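Each remark here refers to the structure printed beneath this line.
Since the structure is predicted, the reported quantities are computational estimates derived from the model, not experimental observations. Heavy-atom basis, side chains included; hydrogens, waters and symmetry copies ignored.
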There are 2 protein chains.
Amino acid sequence: MAGNVEKQTGGAGRRVTAADIARAAGVSRATVGFVLNDTPGQTISQDTRRRVLAEAERQGYRPHSAARALASGSSRIVLAVLPDWPMGFSMRTTLEAASLALQEQGRTLITHTPPHRAAARPLWEVLDPEAVLGFVPFTDEQARSLRASGVRRVLPDPGEPLPDFLTGLAEGPRLQVEHLAARGHRRLAFATPEEERVRSLAEERARTTREHAARLGLEPPQVHTLRIEDAADTVRAWHRAGVTGVVAYNDDTAALAVGTALRTGLRVPEDLAVVGHDDSPIASLFVPSLSTVYLDGDTLGRHLAALALRPDPTEAPELPSPLTLVLRESA
Amino acid sequence: MAGNVEKQTGGAGRRVTAADIARAAGVSRATVGFVLNDTPGQTISQDTRRRVLAEAERQGYRPHSAARALASGSSRIVLAVLPDWPMGFSMRTTLEAASLALQEQGRTLITHTPPHRAAARPLWEVLDPEAVLGFVPFTDEQARSLRASGVRRVLPDPGEPLPDFLTGLAEGPRLQVEHLAARGHRRLAFATPEEERVRSLAEERARTTREHAARLGLEPPQVHTLRIEDAADTVRAWHRAGVTGVVAYNDDTAALAVGTALRTGLRVPEDLAVVGHDDSPIASLFVPSLSTVYLDGDTLGRHLAALALRPDPTEAPELPSPLTLVLRESA
DNA sequence: ACCGACCACTAGCGCGCGCTAGTTCTGGGT
DNA sequence: ACCCAGAACTAGCGCGCGCTAGTGGTCGGT
């Protein structure tokens, strides 16, 4: 066997600790810590620094995060609790931007979608994160657990009003309604999927739809759940009722509306115009391609990171609107 | 202020530790540990047990996972590194099943999609997981980092042959090819998306497609990348070359193929039959609905959990084939 | 009366690391 | 010759928990 590094330290497969580095470099454990963490206020000679760094590299030292978390009192982990909505392209960009911004601050973003069957212990009790970002308000039960687990910052903060990044998520219908209104549609419907899990957001968007329809002097839009089984009935009912424009909760629902309309013999967008939401890949692939609302994930992601790490929870940074309308064939 | 529990322990917001419970219950810290962990081989009186449990409940005690991980030497976390493929419905079921199975063993499954821009520290160095499941083989660099981080079980194990759960992921084309062959198609094409990230799996599936086409005495299928910009050209080229059946990498690609064929004036499935893969929701929504391959996530998930926790890495459990063909309109 | 077995606990180490409170060693100023 | 400031370190505590090696007490058997 080639005399590999692990063997030299003794125990087969034992992980390399800072003490190993200290011994090998002929310094104390504290010095190793100072060098590897660039601890401010410590003066270390060039020579020692080099020796420690070289030895750490040679032995492939990786600090043990549990020990670090225990000693420092912070895991440097930020947990994003994702809702179970099919994650659109925009959401992925959002999380990636947030992740990058957090990384620059030495944090690690972990995303998590809770399983339907409630976990024995919620993930934040296991990970001990520094902050938890939810995309849906937490229940009282969850809030209690979060507090007991010592999570320092929770978003949205239970008890506080919803932060704008969440209300922003429900602002899409404004663009959808405005567009349909501009095209002369007077009677709209809001279409939502059946999924229980998206209900809270769907209701929020339905509310926004009604609000802006009222503002623009349109007929009060009806809200309908679109199911694969009876979508045809719903679409026919719309047609009979004079509905010509559909605000869809997301692109999947929009796709279902458009597909059903076509099968029912309606023309899209002539007989029924549909605007989706999320700008998911299928939006452009669908025949006809879907007009939809694009969400600027980059901006939103940075905003989220800033919210999670801001030292003073009372002062929140401003969020420029991250929504844009994408015009395609379906409306 | 109502005299709340936290206040009683002293420090504002300090988290409740096992020592607090011990003090309040009038027992030693060890006893608290024995009670809360049901440590085998320890005899605790009913009375004491009740007192400790009650006190833990009253104070909302949550064990500090970092400390536990440090002391026990294991984080009880299993990390699944997901590829960046759009996560189909089947994949979600797979992960959920795996998560549940792991939970029954006291483990926590954390899923993670590495960002495109490489993270400063890969997630496993931060989380210190007990096992890491990859859906794509690890690079040498990653393998080294995994070993240095003390991860006990890595799947797929670098250096070992691919486990069947991964080769199984490439078995779908067998069903796709067999179906098309049974319908009398002699000349097939394999359609893959452009995405760099799915390339390794796409190539694997292309190989399987060729293999089974050969086995069934079909013409050697050509492999084509389907891009939105020039999909029309590709589809026309297929038609000219006498290709009548398309094996698609996934449902998105199948959707693109079908959509393009329709726009080009071809009939589906009469002129071009297409079989997708993944049974994603759009597969049934699309017009015409897509024939596709369904992957039984439940079986696969349990298998994964078993692989991650099996005590002896040399003996792997059997995996029954988790694939089924779903017949719809496109083929 | 004494012993051993068993029950019901407790004292305290060790996990790996961050960090405070020293300690030793220069080298320049008086 | 002495002092003292600063550079360059080190000793060792504490984070919260798991767990081993005890320790006292009770009870049945001889």
Under 4.0 Å from any heavy atom of chain A: name the first and the last nucleotide of DNA chain D that qualifies, 5' to 3'. D:dA7 to D:dG16
Considering heavy-atom distances to DNA chain D, does B:Ala19 or A:Gly26 have its closest nucleotide positioned more toward the 5' end? A:Gly26
Output one line per pair: protein atom, nucleotide atom from nucleotides 3-8 of chain C, and distance, for all N/O pairs under 3.5 Å.
none

Please figure out whether B:Thr39 or B:Ala67 has its closest DNA chain D nucleotide nearer the 5' end. B:Ala67
Is a salt bridge present between A:Arg144 and A:Asp140, judged by a nitrogen-to-oxygen distance below 4.0 Å? no
By nearest-nucleotide position on DNA chain C, the 5'-leaning member of B:Thr31 and B:Leu70 is B:Thr31
Using modelled atom types only, decide if a donor and an acceptor are shared between the side chain of B:Thr17 and the backbone of B:Ala19 within a distance under 3.5 Å. yes
Check A:Arg49 with A:Asp38, please: is the shortest side-chain N to carboxylate O separation under 4.0 Å? yes
Counterpart residues, salt bridge (charged side-chain N to carboxylate O under 4.0 Å, His left out), relative to A:Arg29 (two or more places apart): none
Contact class for B:Thr17 (heavy atom, under 4.0 Å): base, sugar-phosphate, or nothing? sugar-phosphate
Between A:Val132 and A:Phe138, is the side-chain contact (heavy atoms from CB on, under 4.5 Å) condition met? List the steps. CA-CA 10 Å; A:Val132 173; A:Phe138 293 101; 3.7 Å; yes
Donor-acceptor pair, distance only, cut-off 3.5 Å: does the side chain of A:Arg15 make one with the backbone of A:Arg62? yes
Base, sugar-phosphate, or nothing for A:Ala30, non-hydrogen atoms under 4.0 angstrom? base
Rounded to the nearest 0.5 Å, what separates atom CG in A:Leu79 from atom CG in A:Leu146? 9.0 Å
Atom pair CG (A:Asp298) and OG1 (A:Thr94), whose distance is rounded to the nearest 0.5 Å: 8.5 Å
